[in-house]
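Down below is the structure, laid out as structure tokens.
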Number of protein chains: 2
Amino acid sequence: MTLHDNDLKRSAGFMMGTAYRKISALFQSKLKEYDITTEQWSVLYQVDQSEGLIQKEIAERSGKDRPATTRILDQLEQKGLVGKRVGEHDRRSFKVYITDKGRELVQRTAPIERQLNADLRQCLSEEEYDVLLELLYRMYRHASDIAERD
Amino acid sequence: MTLHDNDLKRSAGFMMGTAYRKISALFQSKLKEYDITTEQWSVLYQVDQSEGLIQKEIAERSGKDRPATTRILDQLEQKGLVGKRVGEHDRRSFKVYITDKGRELVQRTAPIERQLNADLRQCLSEEEYDVLLELLYRMYRHASDIAERD
DNA sequence: ATAATATAATTGTTTACACAACTAATTAAT
DNA sequence: ATTAATTAGTTGTGTAAACAATTATATTAT
């Protein structure tokens, strides 16, 4: 990915993938000693933020499909970081809760994530960062609309 | 990913991943009948653009690491879309070339990619699209710098 | 010239993704 | 009330990612 590049670099989707992979790998390297992956982290964090969500909701909020969510939750459960309770009103679903161990891990790692985000933002102004988020969100919504349409 | 969301949506890395996955899946659905994945497509396209590159260069330009590139090229080779020739001056490396079949596939699918990109851009102005690319590229460079540093 | 170092590519392992097919529970339709 | 349709979650399969370790060739340092 140097500057003598071609059309691919002019594609937003391609650039998102490239930048995402780099950032994700960077975050992963900071999580090395915590025995958790970035994707697991984002799900765990989500569960901590709003406890009692069912898997479907977790999937939506963490931008993953349901199979991926199932399997990530399985791993978090194996590690003793989250647990499931069958839904009271709907026995198809499971409410997911975080364990003490999970909460402790979030408390120790959330600062790392915040610091990384702060470091990453250094290359942009406050306003640019907001613009970036806004444009990414619009692209995401628009892509979802197109996908539903056809 | 609805609007009642939390902090994760305020993280550029997270939003890039989410939007990237959606866009990639959309592109994949358009490629259904061509027996090629989006990642394979980007590598094939790259090879078509500048023939005779060695794998290391292809990896750099398509934003993948070398193992990923090796394996994607393997699949493209199995499908008869690309071939390798041992480097004349350096017998560790391989120059990769596109086959007639590969070239034909690019010709048939490149318009699909262009159309999708055009459709995706509809939600942004010309200027916004350029800004998005610019900001993504800066974030990518900055993340790379941080990664090298520590 | 030989040994040490670096580089290009590959292989192994674990994780995650997309998609399709499936099970079990719930809701709607007749 | 029974059947049909829908929904929550899971499982299977193929592809791709990151990282570490390995092989083979090139480069450098002594």
Side-chain angles (χ1 to χ4, degrees), chain A residues 14 16-32 35-44 53-60 62-79 84-96 143-144 147, chain B residues 14 16-32 35-44 53-60 62-79 84-96 143-144 147:
Chain A
F14 175 79
M16 284 180 211
T18 305
Y20 160 70
R21 279 192 287 273
K22 184 61 78 175
I23 292 173
S24 172
L26 186 53
F27 185 26
Q28 186 65 68
S29 75
K30 311 253 178 206
L31 289 179
K32 208 174 293 179
D35 186 32
I36 190 169
T37 68
T38 58
E39 305 302 338
Q40 288 165 20
W41 189 91
S42 71
V43 170
L44 181 64
L53 292 179
I54 65 173
Q55 297 192 201
K56 179 198 162 189
E57 296 164 331
I58 297 173
E60 278 165 8
S62 49
K64 302 185 183 315
D65 66 0
R66 293 184 203 175
T69 307
T70 292
R71 285 184 259 238
I72 289 179
L73 284 171
D74 279 352
Q75 308 211 48
L76 292 175
E77 199 175 16
Q78 271 188 7
K79 292 176 182 171
K84 298 177 182 183
R85 270 193 282 269
V86 221
E88 305 102 46
H89 305 99
D90 188 336
R91 286 185 323 183
R92 285 172 305 185
S93 61
F94 298 89
K95 297 206 172 198
V96 181
S144 302
Chain B
F14 175 78
M16 285 179 211
T18 304
Y20 160 70
R21 279 193 287 273
K22 183 62 78 177
I23 292 173
S24 173
L26 186 52
F27 186 26
Q28 186 65 68
S29 76
K30 311 254 177 206
L31 288 178
K32 208 172 296 177
D35 187 34
I36 190 169
T37 68
T38 58
E39 304 302 337
Q40 288 165 19
W41 190 90
S42 70
V43 170
L44 181 64
L53 293 179
I54 65 174
Q55 299 192 198
K56 177 198 163 190
E57 296 164 331
I58 297 173
E60 278 165 8
S62 50
K64 302 185 183 313
D65 67 1
R66 293 187 202 175
T69 307
T70 292
R71 286 185 257 238
I72 289 179
L73 284 171
D74 279 352
Q75 308 213 47
L76 291 175
E77 198 176 16
Q78 271 188 6
K79 292 177 183 172
K84 299 176 181 182
R85 269 191 283 269
V86 221
E88 304 102 49
H89 305 98
D90 188 338
R91 284 185 323 181
R92 286 172 303 184
S93 61
F94 299 90
K95 297 207 172 196
V96 181
S144 302

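What you are looking at is a predicted structure, and each value in this text was computed from that prediction instead of being measured. Residue numbers start from 1 in every chain, and the chains themselves are labelled A, B, ... in the order their sequence lines are given, proteins ahead of strands.
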Check: Counting just side-chain N and O atoms, does B/Arg91 come under 4.0 Å of either OP1 or OP2 of D/dA26?
Finding: yes
Margin query: Tell me whether the side-chain N or O atoms of A/Arg92 pair up with the base of C/dT26 as donor and acceptor below 3.5 Å, since no angle test is needed here.
Written below: no
Notebook entry, point to check: Any side-chain N or O of B/Gln75 less than 4.0 Å from the OP1 or OP2 oxygen of D/dG14?
Noted result: no
Note to self: When you measure from the side-chain N and O atoms of B/Arg66 to the phosphate of C/dA8, is any distance below 4.0 Å, counting only OP1 and OP2?
What the structure shows: yes
Notebook entry, point to check: Is there side-chain contact between A/Ile36 and A/Leu76, with at least one heavy-atom pair below 4.5 Å?
Noted result: yes
Next item on the list: Using atom CD1 of B/Ile72 as one end and atom P of C/dT11 as the other, report the distance to the nearest whole Å.
Entry: 15 Å
Note to self: Expressed as a whole number of angstroms, how long is the span from A/Arg85:CZ to D/dA8:C1'?
What the structure shows: 18 Å
Next item on the list: Check whether any side-chain N or O of B/Arg21 sits under 4.0 Å from OP1 or OP2 of C/dC17, and answer yes or no.
Entry: yes
Margin query: If the cut-off is 4.0 Å, is A/Thr37 near the phosphate of C/dA16, judged by side-chain N/O to OP1 or OP2?
Written below: yes
Check: In whole angstrom, what separates A/Asp35's CG from C/dT14's P?
Finding: 13 Å
Checklist line | Nearest atoms (heavy-atom pairs only) where B/Lys22 meets A/Ala143 | finding: CG-CB, 3.8 Å
Checklist line | Electrostatic pair B/Lys84-B/Asp74, nearest N-O below 4.0 angstrom | finding: yes
Notebook entry, point to check: So, is B/Lys64 near the phosphate of D/dA17, with a side-chain N or O under 4.0 Å from OP1 or OP2?
Noted result: yes
Notebook entry, point to check: 5'-most contact on DNA chain D: B/Pro67 or A/Lys56, nearest heavy atom basis?
Noted result: A/Lys56
Next item on the list: Can you tell me the distance, in whole Å, between the CD atom of B/Gln40 and the C1' atom of D/dA16?
Entry: 9 Å
Note to self: Rounding to an integer number of Å, can you tell me how far A/Trp41 CH2 sits from C/dA16 C1'?
What the structure shows: 18 Å
Notebook entry, point to check: Reckon B/Gln28 has a side-chain N or O less than 4.0 Å from the OP1 or OP2 of D/dT15?
Noted result: no
Check: Where each residue is assigned the nucleotide of DNA chain D containing its nearest heavy atom, which of A/Lys84 and A/Ser29 is assigned the position nearer the 5′ end?
Finding: A/Lys84
Checklist line | B/Arg66 vs B/Lys56 side-chain heavy atoms within contact, under 4.5 Å | finding: yes
Margin query: Just the rounded figure in Å: distance from C1' of C/dA8 to CD1 of B/Ile58.
Written below: 12 Å
Next item on the list: Write down the distance between CD (A/Glu39) and P (C/dT15), rounded to a whole number of angstrom.
Entry: 13 Å
Check: Is there a side-chain contact between B/Lys64 and B/Val43, using heavy atoms and a 4.5 Å cut-off?
Finding: yes
Next item on the list: Tell me which of B/Leu73 and A/His89 sits closer to the 5' end of DNA chain C, going by the nucleotide each one is nearest to.
Entry: B/Leu73
Notebook entry, point to check: Choosing from C/dA9, D/dG9, D/dA26, which nucleotide comes nearest the side chain of B/Asp90?
Noted result: D/dA26
Next item on the list: Go through C/dA24, D/dA26, D/dT13 for me and flag the one nearest to the A/Arg71 side chain.
Entry: D/dT13
Check: D/dT10 phosphate, OP1 or OP2: any side-chain N/O from A/Thr70 under 4.0 angstrom?
Finding: yes
Item checked: Test item: B/Ser24 and B/Gln28 side chains (from C-beta on) under 4.5 Å apart, heavy atoms -> no
Item checked: Value in whole Å for how far the C1' atom of C/dA18 lies from CZ of B/Phe27 -> 15 Å
Margin query: So A/Asp65, base contact, sugar-phosphate only, or nothing? Heavy-atom distance under 4.0 Å.
Written below: base
Checklist line | Residue B/Gln55, side-chain heavy atoms: nucleotide from D/dT10, C/dA18, C/dT10 that is nearest | finding: C/dT10
